[in-house]
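Report on the following structure.
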Amino acid sequence: MFASYAVAVAVAGVLTLVFLWGVVGVADAVELGSLWLDYMARGAVDLAGYIGLTSALWPRPARPFHDVEG
């Protein structure tokens with residue numbers, strides 16, 4: 001599971017760099033690095049919030065009572 005997460009983060013990082021460099025047109029390396037870090041930090045916070053929200057709202061399975069049969 002960790003490997004798939006690491007691959008997803010690496011792909012997201014590369015796609016963000018390509019987007020900032022190719023589409024937005026950031027040519028300065030310092031500005032590119034600053035924007036890239038900003039986008040990656042925002043994405044990480046958003047992902048953590050999404051995971052926290054979905055785990056809080058996800059229905060938990062009901063546990064049976066210990067001394068009740070049937």
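Not measured: the values here are computed from a predicted model.
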Discussion item. Determine whether a donor-acceptor pair (N or O, by modelled atom type, separation under 3.5 Å) exists between the side chain of S34 and the backbone of V30.
Written reply: no

Fill in: Short side-chain to backbone donor-acceptor contact, W36 and G13, under 3.5 Å
yes

Worksheet item: In Å, rounded to the nearest 0.5 Å, how long is the span from CE of M40 to CG of L35?
Response: 11.5 Å

Worksheet entry | Straight-line distance of L15 CG to L20 CG, nearest 0.5 Å | 11.0 Å

Worksheet item: Transitively linked via ILVMFWY side-chain contacts under 4.5 Å: F19 with V14?
Response: no

Fill in: NZ/NE/NH1/NH2 to OD/OE distance under 4.0 Å, D38 and R42
yes

Fill in: Non-hydrogen atoms of I51 and T54 that approach each other most closely
O-OG1, 3.2 Å

